[in-house]
Amino acid sequence: KAMVQSRTDLLFGYRYLQLDESVQVTEDLISNDPTDPGAFLINDRFETRNQFNGFDMGIMHNRRRGMWSLDLLAKLAIGNTRQTVDIDGSTRIDGGAAQVGGLLAQTSNIGRYDRDRFTILPELGVTAGYHLTPNFKLTAGYSMIFWSNVVRPGDH
């Protein structure tokens, strides 16, 4: 009969997460009309950064039977998400000097915007393992984190 072992740990600590994303759209337009030639070079750039700092707590349960093991994880982090959005854009007409503003990034929304948001960040995980030797274990698992209150470049 295979030996069965079980262990449960309580987890407490600090959690830091960062998510950086960007979208850049470049349009290089040239007129096909020989009577009205012209060219436009339009750039739009949207960058976002989310930084989470908070207290992390959870529970991890490990069960081993013979050569097989199963780890279950549940954690919850509570803290602050610092959201930053950078919007920039420019337009060049017929190779001239760049003007402020693109197609989507206009003078009304260009700039840097920062704000803080209270965030609850849950995490669930499961990992299965097989002990090939006493010191070598093959594992496969999945972890899922739900991060509310993040800014995304496509939303701006």
Side-chain angles (χ1 to χ4, degrees), residues 7-33 36-64 68-130 136-156:
R7 175 180 170 160
T8 301
D9 295 318
L10 295 178
L11 309 169
F12 298 96
Y14 165 79
R15 173 161 292 200
Y16 174 81
L17 288 176
Q18 181 170 314
L19 174 65
D20 295 321
E21 295 182 290
S22 65
V23 171
Q24 182 165 337
V25 178
T26 301
E27 298 167 291
D28 193 355
L29 307 170
I30 298 173
S31 173
N32 287 333
D33 185 355
D36 188 17
F40 293 89
L41 180 59
I42 304 169
N43 289 301
D44 292 308
R45 184 178 51 85
F46 300 85
E47 294 180 354
T48 60
R49 170 174 281 177
N50 297 277
Q51 295 172 307
F52 175 82
N53 290 281
F55 176 71
D56 202 14
M57 58 194 147
I59 188 167
M60 184 169 65
H61 180 73
N62 173 272
R63 183 152 176 98
R64 182 173 175 185
W68 292 95
S69 68
L70 180 67
D71 296 331
L72 302 174
L73 173 71
K75 293 187 346 185
L76 182 68
I78 299 170
N80 180 65
T81 296
R82 178 74 169 170
Q83 302 172 337
T84 304
V85 177
D86 283 312
I87 301 172
D88 193 18
S90 65
T91 301
R92 289 182 186 269
I93 301 172
D94 293 328
Q99 300 172 19
V100 176
L103 181 64
L104 302 171
Q106 297 291 310
T107 55
S108 60
N109 66 348
I110 285 178
R112 171 174 241 166
Y113 305 93
D114 296 300
R115 69 180 183 181
D116 294 308
R117 290 292 183 248
F118 174 75
T119 304
I120 297 174
L121 200 142
E123 177 182 359
L124 297 173
V126 61
T127 304
Y130 184 78
F136 186 71
K137 179 168 80 168
L138 183 64
T139 63
Y142 189 78
S143 183
M144 178 183 68
I145 297 175
F146 177 76
W147 188 356
S148 63
N149 291 327
V150 294
V151 289
R152 308 289 307 271
D155 295 337
H156 294 86

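Counting begins at 1 with the first residue of the sequence.
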All pairs passing side-chain hydrogen bond (donor to acceptor under 3.5 Å, both in side chains) where residues 23-32 contributes a residue, at least two apart: Thr26-Asn43

Sidechain-backbone polar pair: Asn149 side chain, Thr119 backbone, donor-acceptor under 3.5 Å: no

Whether over 12 other heavy atoms sit under 6.0 Å from Phe12 CZ: yes

Distance, nearest 0.5 Å, that separates CG of Leu70 from OG1 of Thr139: 12.0 Å

Validation row: Phe46, Leu104 side chains within 4.5 angstrom (heavy atoms): yes

side-chain contact (heavy atoms from CB on, under 4.5 Å) between Ile59 and Thr8, intermediate numbers included: CA-CA 7 Å; Ile59 188 167; Thr8 301; 3.6 Å; yes

Between Asn80 and Asn53: side-chain donor-acceptor atoms closer than 3.5 Å: no

Distance in Å, His61 NE2 paired with Asp9 CG, rounded so as to fall on 0.5 Å steps: 10.0 Å

Exceeds 12 heavy-atom contacts within 6.0 angstrom, atom CZ of Phe40: no

Working for side-chain contact (heavy atoms from CB on, under 4.5 Å), residues Val150 and Glu21: CA-CA 11 Å; Val150 294; Glu21 295 182 290; over 6 Å; no

Distance-only polar pair, side chains of Gln83 and Thr48, donor-acceptor under 3.5 Å: no

Donor-acceptor pair, side chain of Asn62 and main chain of Arg7, under 3.5 angstrom: no

Spatial distance of atom CZ (Arg152) from atom CG (Leu19) [nearest 0.5 Å]: 6.5 Å

Residue pair Val23 / Val25, side-chain heavy-atom distance below 4.5 Å: yes

OG1 on Thr127 to OH on Tyr142, rounded to 0.5 Å: 12.0 Å

Main-chain N/O of Gln18 paired with Asn50 side-chain donor or acceptor, under 3.5 Å: no

Gap between atom OG1 of Thr84 and atom CG of Asp116 - 0.5 Å precision: 8.5 Å

Between Arg82 and Gln51: side-chain donor-acceptor atoms closer than 3.5 Å: no

Heavy-atom donor-acceptor pair, Thr91 side chain to Gln99 backbone, under 3.5 Å: no

Pairwise salt bridge (Lys or Arg N to Asp or Glu O under 4.0 Å) hits with a residue in residues 102-111, at least two apart: none

Chi angles and distances behind the side-chain contact (heavy atoms from CB on, under 4.5 Å) call for Met57, Ile78: CA-CA 9 Å; Met57 58 194 147; Ile78 299 170; 3.7 Å; yes

Inter-residue atom distance Leu121.CG - Leu76.CG, 0.5 Å rounding: 8.0 Å

Closest approach of Leu124 to Ala74 (non-hydrogen atoms, all atoms of both residues): CD2-CB, 3.9 Å

Short N-O contact, Arg45 and Glu47, less than 4.0 angstrom: yes

Where Ile87 and Ala105 come nearest, the two heavy atoms and their spacing: CG2-CB, 3.7 Å

